[in-house]
Amino acid sequence: MSERYNIKATEAKWRKIWADNDSFAVSENSDKPKYYVLEMFPYPSGRVHVGHVRNYTLGDVVARYKNAQGFNVMHPMGWDAFGLPAENAAIERGEHPAKWTHENIASMREQLKAMGLSIDWSREFATCDPEYYAHEQRMFLKFLERGIAYRKESVVNWDPIDNTVLANEQVIDGCGWRTGAPVERRKLNQWFLKITDYAEELLSSLDRLDKWPEKVRTMQSNWIGKSVGLQFKWDIIGSDGQVEVYTTRPDTLFGASFIALAPDHPMAKTLADGKDGYDEFIASCQAQGTSEAAIEQAEKIGFDTGFKATHPLLGHEIPIYIANFILMDYGTGAVFGVPAHDQRDFEFATKYDLPIMPVVIPDNKDDLNIDKQAYLGDGVLANSQFLDGMSIKDAKAAVISKCEESGTGFGTTQYRLRDWGISRQRYWGCPIPIIYCEDCGAVPVPEEQLPITLPKDVSFDKAGNPLDNHPTWKNVSCPTCGKAARRETDTFDTFFESSWYQFRYCDPKNENLPVDKDKAAYWLPKDGGVDQYIGGVEHAVLHLLYARFFTKAMRDCGFVESNEPFSGLFTQGMVTHETYKDENGKWIFPTDAIKNEAGDWVHIETGASVTIGAIIKMSKSKKNVIDPEEIMDKYGADAARLFILSDSPPERDLEWTESGIEGAWRFINKAYAAITALDLQKGDESNLSDNAKHMRRLTHKTIKGVSAAIEDFAMNKAVALLREFYNGFTSFKPVDDGDQFALSEAVNVFIIMINPIMPHLAEELWANIGHKNSLINEPWASYDESLIVSDSVTIAVQINGKVRATITLPTNADQKMAQEIALAEEKVQKAMEGKNLRKFIYVPKRIVNIVIG
RNA sequence: GGGCCUGUGGCGGAAUGGUAGACGCUGCAGACUUAAAAUCUGUUGUCCGUAUGGACGUGCCGGUUCGAGCCCGGCCAGGCCCA
């Protein structure tokens, strides 16, 4: 009789035992080596979603595995608690953002705890609490002192629906990343962080992040966008002005056939104002999108200023245009156009009938089709006087040094990266600790007045920033002169909070400092950081770049020693699900669709037919969502954890299926019953039958394989190996003491190895087979390589590369022996009839290939 | 337009250049049951064959190799990032 596994009661029992014993609390006072595992902390939206479950399950496997491996593991959790949804909730329901946020945190904390994560909850914090953001205000003032923070008037991306400024990164295809509304351009006084000062370090130290996905490093590198080029001046004929251009292709200078200015270039107005069609041209430029991609796709149009510039090397004259595809933000806002070697210039020159002169000739002249398109590839310089015959690289250097000699220009490095605008016209964020005084200007709030906390009595009735609308909060006296002054009502971008939270976990209660320097140095040492960081790839540029910059800025201000926050990074895939639509084409929830007896999908209530759509990322709008709480309620946390790790490699998208979660649930019940029913005995190691040796080989092979798979983040392979192992030892029938030993070893090892994946089941089984200790203090299983190697091996025999037979050879068989045995094989002889042996290939333990003809 | 990634049964996916399809899901057959569910056993790439067996098979075309899903070159399709 097998006992049924009471999942809910058992899982709750173990979670209580872990909590009562503070099982996952850690400190830096330990003899063991440290290991810091961190998942991107959640925004407290109110409900845990399946993406969270995947994220925290992956982290928990690593944390529990590293703990068993003998590391001092820190695995903390907190809340990225500032942000717009709380304010939107306040507007919609009249609930205060703080109340909404803390209620959400409370319910999500319970949901996360129900997953059985090995988290040190004593380190928990929420970024919306003054105990957290007070330190941001101190750091900001320090940044200000060191020139890392500054204020300037600038054109900003204005989201007309959210009524707020967006960072460049928050603008996608010219639209707000949250609202999708077309972004407008406005001029405002804004606070900035000088991330551009760190562009070179952020780029060059990417090389050292060798435990980061290549893809993320490439994305950051592209985002920083370093280019080395030439900046130099052209004389304008008939004017005493000069136009300064920037180019990344100085080698193509002899192919220049026009100059193009950005529409908002100061000189554009000077040269063209009042001319026929100029106003219309500018208007049409403003009508088009502001993003680089939009500009790229728009038709290339220009306005001829009528002025000409003198080519500095050729001496002849080329026209100066104003063109819609030149960006004022990049370089000098002016370029020289080389139609033969730049596609945009090519399109422009074709339209305005300008010369197209090739100056780079590819090895294969057929590749050069400059009547159809620009040539961008490699080649040798031509039509370029002293550059003729040079490579592109040499020609670039030659042009730069020529310009530097003549004093007309200089080689320079440009970055695409812009400074980080951190001001937001929002209530639910960290207040910027600045006071504006008519006489003294922008005055930092003195240390003793910190923290500046958010006023609790705010109204969301009016449009705009509630802090600005507040009757009294902003009215203060100037800290310097005492005159009536005005408080800064902007708050920090919420990426500010997530840029340094990895440090705060090291010392979450510190009132005086963001983090104690020694504690930070223990968990995030100079040459390392968080050992394993896990989260979605959507943060590849924004959060991960800001956090890297912030770490370096904090280092330079003396707060920490670290150079990089995250030494290991893993980016998980999305969770997807089938979509369902009813007869009217409306999305319906998976729980409302059911397969009827005829095998057709119908609505569970109405019985109307349901169409199955694409398998896409879970989203509320498409209703293809699964509630993790319901899943854990029905199947238990271990089943959810097992399924989410089973099928897909963690970096790929995972399709959530009912059959998948049910399969995981079945396995848990099956394993519980089978192992509980075993009558395990200690057995005797001294005299092992071949069967027992075979069992032990599987056990030790599995330890090796599972360990490697977990280290490699191949959790799906680890699960597969464990299932194979389970199938192996449950079909093993012990007949003597040696067999008993092998079986007992297998079961113990199995339980230890499923612990990171299914910790509740593991603890329960561990207790059931008679252990008194918790698995938390049980070391990981180790394997004996000598038990893995077998004395004989079955390998394939190929004839001309096709498998014809298999033979069993002693592991140490030599070529001669392999040949004898292989050629004696009946099937081999049959295949060789009438043919000659040309070559005999034997790769020990791998294969035999016989070449005949 | 450029860069990176991916392409394997009905499905998710395994496979240091060495027996392709591990492991799971689904399906099918059987056992148990009055019956169903659950559970257990077997089976499940395609084609030919009663069978022993054989042929084909990792998006397409070529190359390297005794041997290619894997390496190289060129296409095609999908995805991501940058333009």
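Order of the sequence lines fixes the chain letters, A, B, ..., with proteins taken first and strands second; residue numbering starts at 1 for each chain. Basis for what follows: all heavy atoms, side chains included, without hydrogens, waters or symmetry-related copies. In this text, all values refer to a predicted model and were calculated from it rather than measured experimentally.
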Visitor: Expressed in whole Å, how much space separates the C1' atoms belonging to B/A22 and B/G13?
Guide: 10 Å

Visitor: With a 6.0 Å cut-off on the ring centroids, do A/Phe495 and A/Trp420 count as close?
Guide: no

Visitor: So, does A/Lys215 get its side chain near the phosphate of B/C5, meaning an N or O under 4.0 Å from OP1 or OP2?
Guide: no

Visitor: Could you tell me whether the side chains of A/Thr808 and A/Thr794 share a donor-acceptor contact shorter than 3.5 Å?
Guide: yes

Visitor: Would you please confirm or rule out a distance under 4.0 Å between OP1 or OP2 of B/G17 and any side-chain N or O of A/Arg846?
Guide: no

Visitor: Go ahead and name the base partner of B/A51; Watson-Crick or wobble counts if both distances stay under 3.5 Å, otherwise write none.
Guide: none

Visitor: Can you tell me if the side-chain N/O atoms of A/Arg652 get under 4.0 Å from OP1 or OP2 in B/G12?
Guide: no

Visitor: In whole angstrom, give me the gap between the C1' atoms of B/G57 and B/G21.
Guide: 11 Å

Visitor: Which nucleotide, in any strand shown, forms a Watson-Crick or G-U wobble pair with B/C56, with both distances under 3.5 Å?
Guide: B/G45

Visitor: Counting only side-chain nitrogens and oxygens, does A/Lys717 get under 4.0 Å of the OP1 or OP2 atom of B/A15?
Guide: yes

Visitor: State which of B/C40, B/C25, B/G67 makes the closest approach to the side chain of A/Asn849.
Guide: B/G67

Visitor: Using atom C1' of each nucleotide, how far apart are B/G27 and B/C76 to the nearest Å?
Guide: 33 Å

Visitor: B/C70 and B/G63: how far apart are their C1' atoms, nearest whole angstrom?
Guide: 15 Å

Visitor: For B/C23, does either OP1 or OP2 sit under 4.0 Å from a side-chain N or O belonging to A/Asn727?
Guide: no

Visitor: With both distances kept under 3.5 Å, what pairs with B/A31, Watson-Crick or G-U wobble?
Guide: B/U39

Visitor: Touch check for A/Ser646, heavy atoms < 4.0 angstrom, all strands: base, sugar-phosphate only, or nothing?
Guide: nothing

Visitor: With syn defined as a glycosidic angle within 90° of 0 and anti as the rest, where does B/G73 land?
Guide: anti

Visitor: What does A/Val851 touch in the nucleic acid at a heavy-atom separation under 4.0 angstrom: a base, only the sugar-phosphate, or nothing?
Guide: sugar-phosphate

Visitor: A/Leu721 CG to B/A14 C1': how many Å, rounded?
Guide: 10 Å

Visitor: Please report the distance, rounded to the nearest Å, between CZ in A/Phe643 and C1' in B/C25.
Guide: 9 Å

Visitor: Tell me which nucleotide among B/U19, B/C40, B/C81 gets nearest to the side chain of A/Asn222.
Guide: B/C81

Visitor: Tell me whether the OP1 or OP2 atom of B/C82 has a side-chain N or O from A/Lys226 closer than 4.0 Å.
Guide: no

Visitor: Rounding to a whole Å, what distance do you find between A/Arg666:CZ and B/C25:P?
Guide: 6 Å

Visitor: Report the distance from atom CG of A/Leu642 to atom C1' of B/C23, rounded to the nearest whole Å.
Guide: 11 Å

Visitor: Give none if B/G18 has no partner; otherwise give the nucleotide forming a Watson-Crick or G-U wobble pair with it, both distances under 3.5 Å.
Guide: B/C66

Visitor: Quick test of your reading of the model: are A/Asp814 and A/Lys816 salt-bridged, counting only N-O distances below 4.0 Å?
Guide: no

Visitor: Under a 4.0 Å N-O cut-off, is there an ion pair linking A/Lys8 with A/Asp633?
Guide: yes

Visitor: Say you pick atom P in B/A29 and the same atom in B/A37; how far apart are they, in whole Å?
Guide: 12 Å

Visitor: Distance check, P atoms only: B/G73 and B/C4, in whole angstrom units.
Guide: 11 Å

Visitor: Would you say A/Asp653's side chain and A/Met574's backbone share a donor-acceptor pair under 3.5 angstrom?
Guide: yes

Visitor: Could you tell me whether A/Phe325 and A/Phe348 have their ring centroids closer than 6.0 angstrom?
Guide: yes

Visitor: Can you tell me the base-pairing partner of B/G73? Count Watson-Crick or G-U wobble geometry only, both distances below 3.5 Å, and say none if there is no partner.
Guide: B/C61

Visitor: Side chain of A/Arg723: nearest nucleotide among B/G13, B/C23, B/C56?
Guide: B/C23

Visitor: Output the rounded distance in Å from CH2 (A/Trp665) to P (B/A37).
Guide: 15 Å

Visitor: Between B/A35 and B/U16, how far apart are the P atoms? Round to whole Å, please.
Guide: 48 Å

Visitor: Between B/U65 and B/C11, how far apart are the two P atoms, rounded to whole Å?
Guide: 36 Å

Visitor: Do the side-chain N and O atoms of A/Thr702 and A/Tyr726 include a donor-acceptor pair separated by under 3.5 angstrom?
Guide: no

Visitor: What nucleic acid atoms does A/Arg217 come within less than 4.0 Å of, heavy atoms only: base, sugar-phosphate, or nothing?
Guide: nothing

Visitor: Within the structure shown, what part of the strands sits under 4.0 Å from A/Gln798 by heavy-atom distance: base, sugar-phosphate, or nothing?
Guide: base

Visitor: Assuming nearest nucleotide by heavy-atom distance, tell me which of A/Glu662 and A/Thr794 is located more 5' along RNA chain B.
Guide: A/Thr794

Visitor: Rounded to the Å, how far apart are A/Phe840 CZ and B/G67 C1'?
Guide: 14 Å

